[in-house]
Amino acid sequence: MKIYLNGRLVEKSEAKISVFDHGFLYGDGVFEGIRSYDCLVFKLQEHIERLYDSAKSIMLNIPLTKKAMTEAVVKTLKANRLRDAYIRLVVSRGEGDLGLDPRKCRGNATVVIIADSITLYPESLYKNGMAIITVPTVRNIAEALNPQIKSLNYLNNIMAKIEAVNGGCQEALMLNSLGFVCECTGDNIFIVRKGTLMTPPISMGALEGITRNAVLDIAEKLTLDAKENIFTRHDIFISEECFLTGTAAELIPVVKVDGRLIGAGLPGPVTRRILAEFKKMTKKDGVKYSV
Ligand SMILES: *Cc1c(COP(=O)(O)O)cnc(C)c1O
């Protein structure tokens with residue numbers, strides 16, 4: 001496996017960074033998770049834009065142009081001869097001293113690109129749907145650490161994940177500090193209620209997922225009744241369908257929430273229709289490459 005590390009492609013065993021890197025010491029950095037489908041990097045431009053937006057927000061200077069970063073992603077895929085891949089793009093503050101001050105990280109930011117193949121959950125969960133539970137840890141408030149920043153500082157989500165696993169589930173439903181439904185640990189959430197597809201507005205504290213936006217585009221194309229709407233756990237309990245979206249998980253049906261069966265307890269027709277359209281979209285919407 002070849003890893004992109006600061007402009008060079010190196011063997012996995014050589015892909016090492018300093019213990020003084022502030023990404024390691026403080027989670028000071030940003031990242032993206034991207035997928036390619038049959039030599040097409042899905043929504044690569046959107047991912048690159050979001051990466052640079054996250055970096056701008058934390059005043060992290062990425063030492064590559066967006067074009068060069070796009071080329072670096074493609075180069076990494078080609079070097080690993082991957083037609084279908086999950087790509088992890090990480091930019092950290094770089095090597096500094098033991099203090100917090102990012103100005104002490106005098107060199108360039110650290111840029112890492114890993115391309116591998118992963119399926120987040122077993123196939124049976126995609127077919128039959130998964131069970132999730134609400135966890136006590138609420139999503140970070142925007143005034144403290146804005147969830148729009150895809151930050152390396154992922155402890156908020158990891159705490160929620162631990163609580164879900166302790167509760168016997170694979171994924172956690174996270175509320176915001178007001179008690180409204182926000183998102184899951186690395187996925188956005190959708191429900192279908194009385195035929196209307198709904199996802200919480202970004203103002204509720206969820207990251208604006210690229211898969212989420214793709215699903216909203218699909219809903220428009222299919223002329224489904226869809227909207228961004230504030231909702232509570234109760235609305236999920238009485239919904240007909242529920243599913244999660246994210247680059248790694250893609251689109252996964254949820255059939256049980258806090259012990260309540262959702263609809264018939266099986267992936268619903270709207271979920272299946274959107275999934276079918278999503279699969280079509282991954283075949284045409286992205287940056288092409290050859291291996
Ligand atoms: C990355 C991420 C998502 C999903 O976003 P996509 O762009 O669809 O991959 C959702 N929530 C959180 C907290 C994330 O980090």
Side-chain angles (χ1 to χ4, degrees), residues 2-7 9 23 27-58 60-80 82-93 109-120 146-154 157 183-188 199 202 206-218 244-252 277-291:
K2 291 267 197 295
I3 313 283
Y4 177 99
L5 175 62
N6 296 327
L9 283 164
D28 182 357
V30 294
F31 77 101
E32 278 298 321
I34 311 168
R35 267 189 192 275
S36 75
Y37 297 90
D38 196 20
C39 293
L40 194 68
V41 192
F42 185 59
K43 304 255 181 203
L44 180 53
Q45 201 187 332
E46 285 84 345
H47 283 283
I48 299 283
E49 290 292 338
R50 187 171 66 187
L51 179 77
Y52 282 74
D53 287 347
S54 293
K56 179 165 190 194
S57 191
I58 70 163
L60 171 63
N61 181 37
I62 301 180
L64 270 80
T65 62
K66 289 178 190 173
K67 184 162 176 280
M69 187 64 91
T70 304
E71 284 163 7
V73 168
V74 168
K75 203 165 116 180
T76 310
L77 285 164
K78 286 167 88 84
N80 288 286
L82 288 164
R83 301 181 66 89
D84 294 272
Y86 177 78
I87 304 137
R88 175 59 57 87
L89 180 38
V90 181
V91 185
S92 75
R93 190 77 65 179
T110 303
V111 180
V112 175
I113 305 172
I114 307 167
D116 203 353
S117 31
I118 60 157
T119 35
L120 207 57
N146 196 310
Q148 298 322 318
I149 301 165
K150 215 170 160 74
S151 156
L152 286 187
N153 202 311
Y154 225 55
N157 318 59
E183 62 174 333
C184 293
T185 61
D187 295 317
N188 292 108
T199 192
I202 291 313
L207 176 96
E208 187 173 355
I210 289 165
T211 321
R212 168 194 187 272
N213 289 352
V215 165
L216 290 173
D217 289 345
I218 287 167
L244 312 181
T245 64
T247 297
E250 301 175 283
L251 206 145
I252 186 157
E277 275 306 310
F278 179 74
K279 289 206 166 131
K280 280 192 216 163
M281 201 180 210
T282 62
K283 291 186 171 69
K284 50 188 188 217
D285 210 336
V287 170
K288 242 199 123 59
Y289 62 97
S290 56
V291 293

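The structure presented is a predicted model; accordingly, all values stated were derived computationally and were not measured.
In plain terms, the two heavy atoms of Ser151 and Phe31 that are nearest each other are O-CE2, 3.3 Å. Of all the heavy atoms in Asn61 and Ala109, the pair that sits closest is O-CB, 3.7 Å. When all heavy atoms are compared, the tightest approach of Ile62 to Ala55 is CD1-CB, 3.6 Å. Taking both residues in full, the closest heavy atoms of Ser92 and Gly23 are given as CB-CA, 3.7 Å, listed atom of the first, atom of the second, then distance. Across all non-hydrogen atoms, the minimal contact from Gly186 to Tyr154 is CA-OH, 3.8 Å. Here the shortest heavy-atom pairing between Thr247 and Gly33 reads CG2-O, 3.4 Å.
For Arg35, there are no side-chain hydrogen bond (donor to acceptor under 3.5 Å, both in side chains) partners at least two apart in sequence or on another chain. Contacts of Lys280 classified as side-chain hydrogen bond (donor to acceptor under 3.5 Å, both in side chains), with partners at least two apart in sequence or in another chain: Glu277. Qualifying side-chain contact (heavy atoms from CB on, under 4.5 Å) partners for Asn6, counting only residues two or more places apart in sequence or in other chains: Thr110, Val111. Considering only residues two or more places apart in sequence or on other chains, Ala115 meets the side-chain contact (heavy atoms from CB on, under 4.5 Å) condition with Thr76, Leu77, Asn80, Leu82, Ile87. Take Thr245 and apply the side-chain contact (heavy atoms from CB on, under 4.5 Å) test, not counting sequence neighbours, and it matches Asn188, Phe190, Thr211, Arg212, Val215, Phe243, Leu251. Glu250 is linked by a salt bridge (Lys or Arg N to Asp or Glu O under 4.0 Å) to nothing, counting only residues two or more places apart in sequence or in another chain. By the salt bridge (Lys or Arg N to Asp or Glu O under 4.0 Å) test, Arg88 is found to be paired with no residue, residues two or more places apart in sequence or in another chain being considered. Annotation: ring pair (Phe, Tyr, Trp, His ring centres under 6.0 Å) contacts of Tyr52 (sequence neighbours excluded): none. For Thr185, the side-chain hydrogen bond (donor to acceptor under 3.5 Å, both in side chains) partners two or more places apart in sequence, or in a different chain, are Glu171. Here Arg93 pairs with Asp28 under the salt bridge (Lys or Arg N to Asp or Glu O under 4.0 Å) rule; sequence neighbours left out. Under the side-chain hydrogen bond (donor to acceptor under 3.5 Å, both in side chains) criterion, Ser36 pairs with Tyr289, sequence neighbours left out.
Of the inter-residue distances, the one linking Thr282 atom OG1 with Asp84 atom CG reads 9.0 Å to the nearest 0.5 angstrom. Rounded to the nearest 0.5 Å, atoms OH (Tyr86) and OG1 (Thr119) are 12.5 Å apart.
Ser57 places no side-chain N or O within donor-acceptor distance of the main-chain N or O of Asp53, the cut-off being under 3.5 Å. The backbone N or O of Ile202 sits nowhere less than 3.5 Å from a side-chain atom of Glu208 that would complete a donor-acceptor pair.
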Report the C-alpha separation of Asp285 and Lys43 in whole Å, then their side-chain angles, then the decisive distance to 0.1 Å, and conclude whether the salt bridge (charged side-chain N to carboxylate O under 4.0 Å, His left out) test is met. CA-CA 6 Å; Asp285 210 336; Lys43 304 255 181 203; 3.2 Å; yes

Would Ile3 and Val112 satisfy side chain to side chain contact (heavy atoms under 4.5 Å, CB included), going step by step from the backbone distance to the final call? CA-CA 7 Å; Ile3 313 283; Val112 175; 4.0 Å; yes

Start with the C-alpha gap between Arg50 and Ile210, add the side-chain angles, then the distance that decides, and say whether side chain to side chain contact (heavy atoms under 4.5 Å, CB included) holds. CA-CA 9 Å; Arg50 187 171 66 187; Ile210 289 165; 3.8 Å; yes

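Under a cut-off of 6.0 angstrom, the local environment of NZ in Lys279 is sparse, with at most 12 non-hydrogen atoms contributed by other residues, nucleotides or ligands.
Pairs of residues two or more places apart, or lying in two chains, that qualify as salt bridge (Lys or Arg N to Asp or Glu O under 4.0 Å) and include a residue from residues 63-75 are Glu49-Lys66, Lys67-Glu71.
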